[in-house]
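So you know, we letter chains A, B, ... as the sequences are listed, proteins then strands, and number each from 1.
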There are 2 protein chains.
Amino acid sequence: MVSVGDGVARWRRVADEIRSAITDGTIVEMLPPEVDLAQRFGVNRHTVRRAKAALADDGLLRAERGRGTFVNAVPKRLVYSVGTRTRFSENMLRQSLEPSGRLIRSEQVAADRDKAELLKTKIGAPLHRLEKLSVADGMPLSRSICYFSVERFPAIIESYAETGSITQALRMCGVHDYRRGETRLTAERASVRDIELLNCAADAIMLISSALDIDLDGKPIQAIRTKFLADRMELVFGGS
Amino acid sequence: MVSVGDGVARWRRVADEIRSAITDGTIVEMLPPEVDLAQRFGVNRHTVRRAKAALADDGLLRAERGRGTFVNAVPKRLVYSVGTRTRFSENMLRQSLEPSGRLIRSEQVAADRDKAELLKTKIGAPLHRLEKLSVADGMPLSRSICYFSVERFPAIIESYAETGSITQALRMCGVHDYRRGETRLTAERASVRDIELLNCAADAIMLISSALDIDLDGKPIQAIRTKFLADRMELVFGGS
DNA sequence: GCCTATTTGTTCGTATGTATC
DNA sequence: AGATACATACGAACAAATAGG
């Protein structure tokens with residue numbers, strides 16, 4: 001066990017290791033006794049206790065005096081299927097969840113080099129920049145920033161604000177179907193703004209997807225950058 | 001800026017925010033002065049300095065007294081293209097990087113329920129469990145755990161140890177082509193073992209891919225779980 | 001050269017959090 | 001439950017290098 005002066009407390013490290021062991025099924029029902037854990041991680045028993053307290057706080061554990069520590073029901077990650085036809089609403093409904101979107105902020109910006117290339121507009125062309133929050137069953141799951149050509153979709157913001165769904169907003173703008181182009185994926189620690197918008201833990205991890213949606217003729221529709229809460233989501237590509 | 005008693009030091013958070021700003025292009029050439037950063041993050045200047053020291057240690061920054069702090073050449077994230085034909089070596093060579101694989105550990109295990117289902121073997125059937133490290137230009141990028149049916153690929157371990165490439169090892173076992181089935185993605189904090197094997201920051205983030213490779217007849221070849229260093233990699237699906 | 005503003009580098013002290021025994 | 005050592009965080013300085021007029 002390492003961790004001295006690297007900015008991450010040992011108890012936090014231990015808590016994360018235990019959490020992983022629980023979510024990936026290594027620890028199923030009951031936690032090993034504190035002394036065993038302390039030895040395995042090479043830390044003091046107090047440190048293990050601190051870690052367990054943090055996990056119990058999150059509702060993952062339940063300690064019973066004299067009996068041991070039990071693992072509570074683990075909330076499975078929601079599955080988001082990314083195919084050529086990717087729709088947030090459909091993905092959530094399939095899992096019996098009530099989807100909704102909330103408009104955080106919208107503005108017009110000028111296309112920079114990257115966005116102009118993606119959306120095939122001129123550099124400096126006006127774009128709608130739409131920042132939204134996606135929620136399922138009242139739980140914030142992700143936050144996205146979408147860019148649309150103002151010229152092509154003048155009224156998309158109003159339509160989205162009305163319906164709370166990009167798919168429906170696009171339909172109102174005459175786009176009845178579209179598909180997913182390329183998707184780029186990486187991950188980062190949640191920023192301060194992520195934490196306040198998504199109402200998540202301070203050390204949450206965001207799965208970041210940058211994608212381009214195109215219509216059936218291959219013309220670009222929107223460039224989207226979405227930050228998913230990695231704790232609550234799993235993205236699936238290909239297969240089925 | 002928050003963070004008190006949550007197990008992650010403030011300087012570490014500040015360092016991460018600055019690192020993000022650098023990698024996503026918000027900060028280009030020069031860092032704002034320490035007092036400005038301190039105010040923006042709501043911390044003491046010492047805390048900013050500690051964060052900068054950590055980043056300078058990683059070679060991202062270069063501070064010059066009286067002049068300011070400069071951003072070194074930004075190491076762009078390497079792109080890993082995940083298509084139906086996904087090969088680590090080809091992906092790296094395309095970016096003029098010298099790929100290599102290192103065998104960490106191999107053993108035989110019995111198939112549990114999940115793996116048996118994926119690999120279409122009986123529960124309890126013997127599997128090769130192959131743990132490896134993938135490196136490009138001397139920099140560790142990811143670590144994988146692969147499962148192969150022992151019955152179907154008796155000598156895969158030796159072949160991999162010899163060649164350092166799964167593709168080549170499979171060829172020696174009579175599989176000349178294979179493709180990627182489903183890929184499931186999520187992200188987690190690096191475990192202690194990740195940190196020591198990949199030689200990365202204490203609070204690094206791992207992009208986790210769980211996938212199944214199948215041969216051209218649709219028969220399963222290997223189940224792979226790969227943990228990519230999110231700082232150094234970007235996964236691309238679809239498009240091109 | 002001189003002065004000044006800016007920016008990084010350093011040194012005190014003090015309080016709190018972390019980790020062990 | 002204390003006692004101890006070390007890491008973290010803040011505050012208030014001051015020193016040293018740089019840039020501009």
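Taking the side chain of A:Asn44 as heavy atoms from C-beta on, and the options C:dT18, D:dT18, C:dC21, the nearest nucleotide is C:dC21. Closest to the side chain of B:Ala9, from the set C:dA19, C:dT8, D:dA9, is D:dA9. Listed candidates were C:dT20, D:dA12, D:dA19. Nearest to the side chain of B:His46 is D:dA12. Candidate nucleotides C:dA19, C:dT8, D:dA19 were compared by shortest atom distance to the side chain of A:Trp11, and C:dA19 ranks first. Looking at the side chain of B:Ala63, the nearest of the listed nucleotides C:dT8, C:dT18, D:dA19 is C:dT8. Of the candidates D:dA9, C:dT20, C:dT11, D:dA9 carries the atom nearest the B:Thr47 side chain, counting heavy atoms from C-beta on.
Counting to the nearest Å, the C1' atom of C:dT7 and the CG atom of B:Leu37 are 12 Å from each other. Rounded to a whole Å, the CZ atom of B:Arg45 is 14 Å from the P atom of C:dT6. Between the CZ atom of A:Phe41 and the C1' atom of C:dA19 there is a distance of 16 Å, given to the nearest Å. Between B:Leu31 atom CG and C:dT7 atom P there is a gap of 12 Å when expressed in whole angstrom units. Between the CZ atom of B:Phe70 and the C1' atom of C:dT6 there is a distance of 13 Å, rounded to whole Å. Here C:dT18 presents its P atom at 14 Å from CZ of A:Arg13, a figure rounded to the nearest Å. One can place CG of B:Asp203 at 12 Å from P of D:dT8, the figure rounded to the nearest angstrom. With rounding to whole Å, B:Arg65 atom CZ is found 20 Å from C:dA5 atom P.
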Please determine whether salt bridge (charged side-chain N to carboxylate O under 4.0 Å, His left out) holds for the pair B:Arg13 and B:Asp6, giving the CA-CA distance in whole Å, both sets of side-chain angles, and the decisive distance to 0.1 Å.
CA-CA 11 Å; B:Arg13 278 210 205 292; B:Asp6 60 2; 2.7 Å; yes
Is there a salt bridge (charged side-chain N to carboxylate O under 4.0 Å, His left out) between B:Asp58 and B:Arg19? Walk through the geometry before answering.
CA-CA 10 Å; B:Asp58 291 355; B:Arg19 185 200 298 271; 3.0 Å; yes
What's the verdict on side-chain contact (heavy atoms from CB on, under 4.5 Å) for B:Phe237 and A:Val82, showing C-alpha distance, side-chain angles and the deciding distance?
CA-CA 9 Å; B:Phe237 291 82; A:Val82 183; over 6 Å; no
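Counted by atom type alone, B:Thr47 and B:Asn44 present zero donor-acceptor pairs between their side chains at under 3.5 Å.
Taking 3.5 Å as the limit, the base of C:dG17 and the side chain of B:Arg10 contain no donor-acceptor pair of atoms between them.
The phosphate of C:dG9 has neither OP1 nor OP2 within less than 4.0 Å of any side-chain N or O from B:Lys52. For the OP1/OP2 pair of D:dA17 and a distance below 4.0 Å, the side-chain nitrogens and oxygens of B:Arg67 include no atom meeting the criterion. Residue B:Arg49 has a polar side-chain atom (N or O) positioned under 4.0 Å from OP1 or OP2 of C:dG9.
Annotation: A:Glu64, atom CD; neighbour count of heavy atoms from other residues, nucleotides and ligands within 6.0 Å is above 12.
For A:Lys115, the salt bridge (charged side-chain N to carboxylate O under 4.0 Å, His left out) criterion is met by A:Asp112, not counting sequence neighbours.
A salt bridge does not link A:Glu17 to A:Arg12: none of the charged side-chain nitrogens sits closer than 4.0 Å to a carboxylate oxygen.
Rounded to 10 degrees, the angle between the two end axes of the helix from C:dC2-D:dG21 to C:dC21-D:dG2 is 20°, with five pairs used at each end.
Taking all atoms of both residues into account, the shortest heavy-atom contact from B:Arg180 to B:Ser209 is NH1-OG, 4.4 Å.
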